[in-house]
Amino acid sequence: MYSASNMASSRPYSRRRTILIAMGLVAIFTWLFTHYRSQPDHTYDDYLAAHGELAAHGEFWKRFQPLLTTWAPGCEPPERLDKAESVGFDPQNTSQPPNLTLMPEEDITKMKTAHSNFVNAITHSPPQLAYKPGTRGIVSTAGGPYLPLVVISLRMLRKTNSTLPMEVFLADWDEYDGYICQVVLPSLNAKCILLAEILDTVPGSKTKIKKYQYKPFAMLFSSFEEILFLDADAFPLQRPELAFTDEPFKSKGLLTWPDFWRPTASPFYYEISSQERPPPNIRQSTESGEVFLSKRSHLRTLLLCAYYNYHGPTHYYPLLSQGAAGEGDKETFLASANVLNEPFYQVSEPIHALGRHTNDGFAGSTMVQYNPMEDYALTERGEWRVKGSTAPAPSPFFVHINFPKFNPATVFVENGPVVKEDGSYTRAWTAPNDVIESFGLDLERRLWEEIRWTACALEGKSISWKGQTGICEKLEDYWGTIFG
């Protein structure tokens, strides 16, 4: 037991300890504050804003998610009688695609009522999004084997001298890659964001959203007002900033690119959404690997797009595509804008396949998409190349390596994009010549420089390649054989 004298003698020591602890805490806070202020492109206000951003997105989700569930379709999914044939777009073909969907009349009525109530809710009182006004940036979704692809695409983006920041959305901590998210992406002005951290503010809601539905939700939860969404395996050939500041984006606020195919929506979708069924030769179906969107002008379009994707796998994907190639989020953007009568522009220049010839014919691995400003200038003059105009083609603007993915750990498969039937190496892009020549440089060599860098920088560090060896060595061998 302490005596009174012992207690008295301990008080100065307690006071000194308290003062030292307080001084230490002040020193730590001061270091953190000055260190953060010293970092480029950061302020202390940014630090506070970053910590409040998650809460703001959570508040939006708490208001928006109940609208998605309250006005759910309320009926059994449409019955698919057959898959729609993937037919190339022909502006001369005015025959409507067949209806391959079966729905009872009462189910159509239920979906129509739910759709109408949701549209009324977001039209008259849309929940407020949390984004920073006046900002522009790139949004992508990735995780697992797609994160190395983001690194490659981001390094190709920086070759255009673009300085746009990038937000990469991952599903949850299971997809988080510490080395890529904490070292590689920040060095390229990009960062990782976990969707689960936002979705978990409404318990159980993340189980309703799978990877192929993430796109509009990543766009909703991004911090940017004006967005370029890029698939992980797509990259621009020109600075994307150019498209943000010119027509048609300035007046339209929503830009998309075409797919190879004609539209295949069921007539039931137009009945449910209270629209006249449009002629099938107005435009191609949509390839949604690249989407420009302004949240300021197209908030409601994005909210309805999220509704279509939230209920997509069961109801709206089958109605909008009927099983045609690429069924998923691809048709939900323009469908939403049409319902809400908000403007948009879809590039008219047809998509071009890029690949190589094999013993079995042509093996395409890549899609080339074209400059929206140049395309818009042509169509404004009435020169539609897709309808037969002989005007010079717009310049290539995006490359989308859609299948197979050029992941350094998996690209060297037998009879793959760069391995011939006899096992020897080849270039991935050898045809068609006019598309290759339109790049104006050896784009494939430039791409493989970044694939090579990524392979050697990430091997042994990226969790998506855990336990795999020889990735860098394989790339060096390929590089030396093809480009050395």
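Heavy atoms only: backbone and side chains are in, while hydrogens, waters and symmetry mates are out. Bear in mind the structure is a predicted one, so any value in this text is a computation, not a measurement. Residue numbers count from 1 along this sequence.
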* Do Lys215 and Ser288 get their side chains close enough for a donor-acceptor pair, meaning under 3.5 Å? -> yes

* Asked: Between Phe60 and Phe221, how do the two ring planes meet: parallel, tilted or perpendicular, split at 30° and 60°?
  -> perpendicular

* Asked: So, does Asp375 use its side chain to make a donor-acceptor pair with the main chain of Ser348 at under 3.5 Å?
  -> yes

* In plain terms, say whether Lys250 and Glu247 are close enough for a salt bridge, that is, a side-chain N and a carboxylate O under 4.0 Å apart. => no

* To do: Ignoring hydrogens and angles, state whether a donor on the side chain of Gln65 or Ser205 is under 3.5 Å from an acceptor on the partner side chain.
  => no

* Give a yes or no answer on whether the side chain of Thr358 reaches the backbone of Asp360 with a donor-acceptor pair at less than 3.5 Å. => yes

* Derivation and outcome, side chain to side chain contact (heavy atoms under 4.5 Å, CB included), residues Ile401 and Phe235 -> CA-CA 9 Å; Ile401 308 171; Phe235 57 86; 4.1 Å; yes

* Asked: Are His352 and Tyr370 close enough that their ring centers fall under 6.0 Å?
  -> yes

* Answer with yes or no whether the side chains of Asn371 and Gln238 bring together a donor and an acceptor at under 3.5 Å. => yes

* Asked: Relative to the ring of Tyr307, is the ring of His311 parallel (under 30°), tilted (30 to 60°) or perpendicular (over 60°)?
  -> perpendicular

* So, His57 versus Phe64, ring centres under 6.0 angstrom or not? -> no

* Asked: Would you say Gln128 has more than 12 foreign heavy atoms packed within less than 6.0 Å of its CD?
  -> no

* Report the relative orientation of the aromatic rings in Phe398 and Phe292; use parallel for angles under 30°, tilted for 30 to 60°, perpendicular for over 60°. => tilted

* Specify whether Tyr316 and Tyr269 have parallel, tilted or perpendicular ring planes, treating 30° as the upper limit for parallel and 60° as the lower limit for perpendicular. => perpendicular

* May I ask you to decide whether Glu450 forms a salt bridge with Lys159, counting only side-chain N to carboxylate O separations under 4.0 Å? => yes

* Would you say the side-chain atoms of Thr454 pair up with the backbone N or O of Val151, donor to acceptor, closer than 3.5 Å? -> no

